[in-house]
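Just below is one structure, and these are the notes that go with it.
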Amino acid sequence: MPHTVIASAVRVPWHSDHGGYDRLLDYLPEARRIAALRSITGQKAAAVAHHWLRRRCPLPFYPAEHFATDARVLATRGPAHVLYGDEQFWFSRHRLGPTAVTYHQPPDHLARFMPTTAWRQLASHASQIIALAPDQQEFFCAHLPVERVHLIPHGIDTDAFSPAEAPQATARPLILT
């Protein structure tokens, strides 16, 4: 019997209702979403724990809700996918089950989060890392064996999605969406 994949689902203020990487989970019914507790008690407990433990986390964007989700991922068993490693994969790096982590920030931003030695140590805890751009893949391959870093381009594949033939010359711009 295959394991259910656990996926951390966090929302950030700049996501629209229909935007955000976690929307992929809408198409993966076999994935079990892990999110921060929504109860008042759960939110208060997360805020108190976040207050005391936040200073141990070097990630620049690590609000209490992301901490709470990270803690819930840490407590789970079985395969997991941390969808926003740049904002979550800190305490959950200590989990016992296999963990895939996706990063979204460009390498120059990631390099500002932590020194190289800290990245090497953090990355070593991920079973697999998913990079969304070739320069991210290079960044993580400097810290992990290449077979543990996977490139899944995130954006528009202009080789696949382009006009079938040369567009007619007009004064109006051609926009692909």
Side-chain angles (χ1 to χ4, degrees), residues 1-12 14-16 18-36 57-62 65-162 176-177:
M1 181 175 170
H3 291 286
T4 298
V5 175
I6 299 157
S8 64
V10 297
R11 303 293 295 165
V12 291
W14 50 87
H15 284 163
S16 69
H18 302 287
Y21 192 55
D22 64 303
R23 298 282 38 142
L24 293 173
L25 298 177
D26 295 344
Y27 303 96
L28 299 170
E30 65 277 9
R32 184 169 63 99
R33 291 173 191 252
I34 298 289
C57 177
L59 300 175
F61 186 74
Y62 196 68
E65 180 182 2
H66 292 202
F67 163 77
T69 306
D70 199 24
R72 291 189 73 199
V73 171
L74 172 64
T76 63
R77 299 289 183 257
H81 185 169
V82 175
L83 297 175
Y84 294 97
D86 8 38
E87 299 165 2
Q88 268 194 302
F89 188 59
W90 185 251
F91 292 107
S92 61
R93 74 188 189 277
H94 297 299
R95 68 186 308 277
L96 299 176
T99 309
V101 184
T102 297
Y103 286 92
H104 300 260
Q105 298 295 321
D108 58 329
H109 287 142
L110 294 172
R112 282 184 261 161
F113 290 176
M114 297 184 288
T116 300
T117 54
W119 271 114
R120 189 168 293 116
Q121 184 180 12
L122 178 64
S124 71
H125 290 279
S127 306
Q128 308 290 319
I129 288 186
I130 298 170
L132 303 178
D135 57 349
Q136 282 182 322
Q137 184 180 31
E138 291 172 21
F139 177 85
F140 285 108
C141 283
H143 306 301
L144 284 176
V146 68
E147 63 273 4
R148 288 177 52 194
V149 181
H150 307 278
L151 174 63
I152 301 176
H154 184 59
I156 297 172
D157 181 347
T158 56
D159 291 330
F161 300 101
S162 61
L176 299 177
T177 61

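Distance check, rounded to the nearest 0.5 Å: CG of L122 to CZ of F140 gives 8.0 Å. For the atom pair I130 CD1 and Q137 CD, the distance stands at 11.5 Å (nearest 0.5 Å). In this structure, CD1 on I129 lies 13.0 Å from CG on L151, to the nearest 0.5 angstrom. Residue Q105 holds its CD atom at 4.5 Å from CZ of F113, rounded to the nearest 0.5 Å. Considering CG of L74 and CZ of R93, their distance stands at 9.5 Å, rounded to 0.5 Å. With rounding to the nearest 0.5 Å, the separation of OG1 in T99 from CD in Q128 is 10.5 Å.
Within the 3.5 Å criterion, the main-chain N or O of F91 finds a donor-acceptor partner in the side chain of D70. The closest donor-acceptor contact from the side chain of Q136 to the backbone of A133 lies under 3.5 Å. Under a 3.5 Å cut-off, the side chain of S124 and the backbone N or O of Q121 do form a donor-acceptor pair. A donor-acceptor contact shorter than 3.5 Å links the side chain of R95 to the backbone of G78. No donor-acceptor pair under 3.5 Å is formed between the side chain of R33 and the backbone N or O of A7. Between the side chain of H104 and the backbone N or O of E87 there is no donor-acceptor pair closer than 3.5 Å. Looking only at distances, no side-chain donor or acceptor of R120 sits under 3.5 Å from a matching main-chain atom of A123.
Heavy atoms only, all atoms of each residue included: G85 and V101 are closest at CA-CG1, 3.5 Å.
Close placement of the W119 and F139 rings is indicated, their centers lying within 6.0 Å of each other.
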Item to complete: Evaluate side chain to side chain contact (heavy atoms under 4.5 Å, CB included) for T76 paired with R32, printing each intermediate quantity in order.
Response: CA-CA 11 Å; T76 63; R32 184 169 63 99; 4.2 Å; yes
Discussion item. Quick one, H81 with T102, criterion side-chain hydrogen bond (donor to acceptor under 3.5 Å, both in side chains). Give me CA distance, side-chain angles, the key distance, then yes/no.
Written reply: CA-CA 8 Å; H81 185 169; T102 297; 2.7 Å; yes
Item to complete: With side chain to side chain contact (heavy atoms under 4.5 Å, CB included) as the test, would you mind laying out the steps for W90 and H66 before giving the verdict?
Response: CA-CA 10 Å; W90 185 251; H66 292 202; over 6 Å; no
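Annotation: side chain of V82 is in contact with side chain of S92 (closest heavy-atom distance under 4.5 Å). At a threshold of 4.5 Å between non-hydrogen side-chain atoms, the residues Y103 and Y84 do not count as touching.
Judged purely by distance below 3.5 Å, without hydrogens or angles, the side chains of R148 and S127 never pair a donor atom with an acceptor atom.
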